Structures are given as C-alpha cells and as structure tokens.
Amino acid sequence: MPELPEIEHLKRSLEPFLIGSTVVKVDLQRRDVLRQYGRQTNWRAYSKDLLAGTTISSLCRHGKNLALVSDAGPVLCVHLGMSGQMRFSPAGKRLSETTHVHCLWTLASKQGNGKLIFRDPRRFGGLWSFPSIQMLREHRWSSLGPDALAIRASDLAARLHKTQRPIKAALLEQSILAGVGNIYADESLFRAGIDPRSIAARLSKDRVKALTRAIHQVLGAAINAGGSTIRSYLDGSGNGGSFANRHQVYGRGGQVCLACGHSLEQVVIAQRTTVFCNHCQQLFL
DNA sequence: CCGGACTCCTGTGCGC
DNA sequence: TGCGCACAGGAGTCCG
C-alpha cells in the first residue's frame with residue numbers, strides 16, 4: 001500500500017511528464033472520487049476542478065498526499081488510499097490497466113502528448129480540488145502533522161508526549177506525523193529497538209531521537225529503492241519498487257528475526273497487523 | 001477531548 | 001482444479 005516513499009517516488013516519476021503539460025481534456029468516470037472544496041455538488045464545474053485548460057506547473061507532496069499545481073491557481077490533491085495508482089502513458093502507447101479507471105486526463109506538451117489516469121480498485125483514495133495551494137494547505141493539510149521526512153526529533157517527542165496510545169498507533173496517526181503507514185511503522189520501530197506496544201508518552205528523548213533517525217533512514221532507503229511493491233503499488237510508469245526485499249519485520253510474522261534468530265511476534269494494534277521481535281525491541285510502559 | 005471500534009471496497013491467497 | 005471465504009488496510013466517522 002502506498003505510503004510516503006511510494007508517493008515521493010511517484011512524484012519524481014511523474015514530474016518529467018506532467019510539468020509544463022497542458023490539460024486538454026478531462027474524463028471523470030466516477031463522480032464520487034472527486035471532492036470539490038466549497039461545493040456540495042457542482043458537476044458542471046468539475047472539469048475546471050480537474051485542471052482542464054490549465055498547465056501543470058509543479059507537483060507537491062505532504063505525507064501521503066500528492067498535489068498537482070496548475071499555473072492558473074487551481075490544485076488537485078490526490079490520495080491513493082490502499083490501492084490507488086496514477087499512471088502516465090505517452091500517446092500511441094496503450095495503457096495496460098483499463099479496469100477501475102476513475103479519471104483520465106489528456107495532456108499535451110512540447111515533449112509530446114499523453115494520457116494520465118487515476119485508477120483505484122478499492123476506492124479508499126480520491127481526488128480533492130482546491131482553488132489554490134494555500135487553500136489546500138489551510139483546509140486539508142493543516143490537519144496533518146509535519147512530513148515524516150522533515151520532522152525533527154524534538155518536535156516528534158513533543159507530539160508523542162501528549163498521547164497514551166501505543167507508539168505503533170501514534171505513528172499511524174497522520175495528525176501526529178504525516179506519511180508513515182503500517183509497513184514503515186513496523187520497520188522503523190524494529191530498527192529503533194522499540195516495542196510497538198510501548199506507550200508513546202513513555203519514550204525518553206533519546207529513544208525518540210533514535211526513532212526519528214530510524215524513520216528517516218527507512219523512508220530514505222525505501223525512496224531510493226523505488227518504494228515497496230506490496231500488492232498493487234506501481235509508479236507513474238507502471239514499474240514496481242524493490243524495498244519489499246529489505247523488510248525486516250513487515251509480513252514476516254512467525255519467521256525468524258534477521259538480527260537475533262528468535263521467532264517474530266505478530267499482534268494487532270489499532271486494528272493493524274503488527275510484527276516485531278520480542279527480543280530486539282524493548283517495551284516501555 | 002481522547003481513544004477505540006466500525007466502515008468503506010475488491011483483489012489475493014489459502015484451505016477444503 | 002475450483003470454489004468460497006477470510007484477510008489486507010488509510011482514514012473518516014461515530015460512540016462511549
């Protein structure tokens with residue numbers, strides 16, 4: 001499932017095709033994937049909200065959110081949820097995926113024309129339109145914590161200090177920290193040597209420092225590897241990532257710990273499967 | 001206000 | 001080999 005590294009890699013893989021491209025045509029196949037800011041239902045205006053007639057000037061990411069910013073002002077915020085994909089395909093080349101395509105953009109640029117699709121079989125994702133990047137930041141991204149790649153240990157410590165929930169649940173909470181999901185929460189906690197059941201507020205400053213470092217390292221390595229291809233994640237050109245090969249704990253419940261050889265534990269925290277090593281990860285209550 | 005539980009949805013993979 | 005069911009989970013919402 002796409003988390004911060006997958007979105008960052010997607011952003012980088014789409015930028016060469018999208019930046020400077022003009023949106024010639026928009027085809028919204030499923031209306032309910034689009035949420036229009038400040039409107040209940042104005043389907044006549046949806047093509048403008050989907051950037052029709054504008055030129056894409058930049059791509060912007062915060063946590064797992066990706067924004068397409070147009071030169072005319074309007075922005076479109078994409079969230080992939082569990083199974084979402086954004087895929088660009090140059091003109092003449094057929095798109096391999098045709099099912100569950102909810103929105104299709106026809107793009108034109110000096111480099112050549114092409115089509116961009118948003119597909120999302122499970123439909124946990126969606127598209128959010130805003131009149132400007134400022135409005136997106138004020139009305140949607142304001143409820144998110146700092147981006148996980150940029151957060152400082154002192155800031156994370158202050159935020160974790162306020163909750164009595166297990167650290168695993170706190171890391172999944174986007175209002176505390178934006179971008180970490182189930183895979184990288186487990187991987188970061190393993191690398192930091194912290195039991196996921198530990199109470200967030202009980203972690204010392206030094207432990208949070210180690211955790212912050214682990215988060216930055218894990219996310220950075222995953223970005224460089226092109227993300228983790230779990231189930232359906234593919235980048236903007238349809239390529240998978242290789243970081244799944246380097247998962248130490250995620251998806252390895254019952255198998256041996258790669259560090260100590262003990263059997264990895266699997267529990268459920270905040271309704272999410274959680275894998276950890278009882279021997280390598282210390283519990284703080 | 002906080003934390004826990006439920007809900008949405010469909011492809012995948014396992015057991016019989 | 002094929003069928004059917006449990007499971008996967010991001011995040012909004014609701015409830016105690």
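Chain letters run A, B, ... following the sequence lines, proteins first and then strands; every chain starts at 1. When reading the values below, keep in mind they use all heavy atoms of this one structure, side chains included, and skip hydrogens, waters and symmetry mates. Since the model is a prediction, treat every value here as computed from it, not as a measurement.
Stacking of A:F124 onto the six-membered ring of C:dG9 is present: less than 5.5 angstrom between centres, less than 30° between planes.
Note on the helix from B:dC2-C:dG16 to B:dC16-C:dG2: terminal axis deviation equals 50°, with five pairs used at each end and the result rounded to 10°.
Classification of the A:F17-A:F88 ring pair by plane angle, with boundaries at 30° and 60°, yields parallel.
Per the geometry, NE2 belonging to A:H62 stands 17 Å off P belonging to C:dG10, to the nearest Å.
Applying the 3.5 Å distance criterion, the base of C:dA8 shares a donor-acceptor pair with the side chain of A:R122.
For the OP1/OP2 pair of B:dG4 and a distance below 4.0 Å, the side-chain nitrogens and oxygens of A:R165 include at least one atom meeting the criterion. Considering only side-chain N and O atoms, A:Y250 lies under 4.0 angstrom from the phosphate OP1 or OP2 of C:dG9. The shortest distance between the side-chain N/O atoms of A:K162 and the OP1/OP2 oxygens of B:dC2 is not below 4.0 Å. Remark: A:S83 is not in phosphate contact with C:dG9, judged by side-chain N or O atoms under 4.0 Å from OP1 or OP2. In this structure, A:T273 does not reach the C:dC7 phosphate: none of its side-chain N or O atoms is under 4.0 Å from OP1 or OP2.
Distances from the side chain of A:P121 to the nucleotides C:dG12, C:dG10, B:dG11 place B:dG11 closest.
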Distance-only donor-acceptor pairs under 3.5 Å for side chains of residues 261-280 of chain A, two or more places apart:
from   : atom 1 : to     : atom 2 : distance (Å)
A:S263 : OG     : A:G254 : O      : 3.4
A:T274 : OG1    : A:K168 : NZ     : 2.7
A:T274 : OG1    : A:R272 : O      : 3.1

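When the nearest nucleotides of DNA chain B are assigned to A:H100 and A:R272 by heavy-atom distance, the more 5′-ward of the two goes with A:R272.
Counting non-hydrogen atoms under 4.0 angstrom, A:Q271 reaches a base of the nucleic acid. Residue contacts for A:R123: at a heavy-atom cut-off of 4.0 Å it reaches the sugar-phosphate backbone alone, with no base atom in range.
Exactly one residue among A:T54, A:T106, A:D71, A:T55 makes a side-chain hydrogen bond (donor to acceptor under 3.5 Å, both in side chains) with A:T22. That residue is A:T55.
Proximity of A:R30 to A:F118: side-chain heavy atoms (C-beta onward) are nowhere separated by under 4.5 Å.
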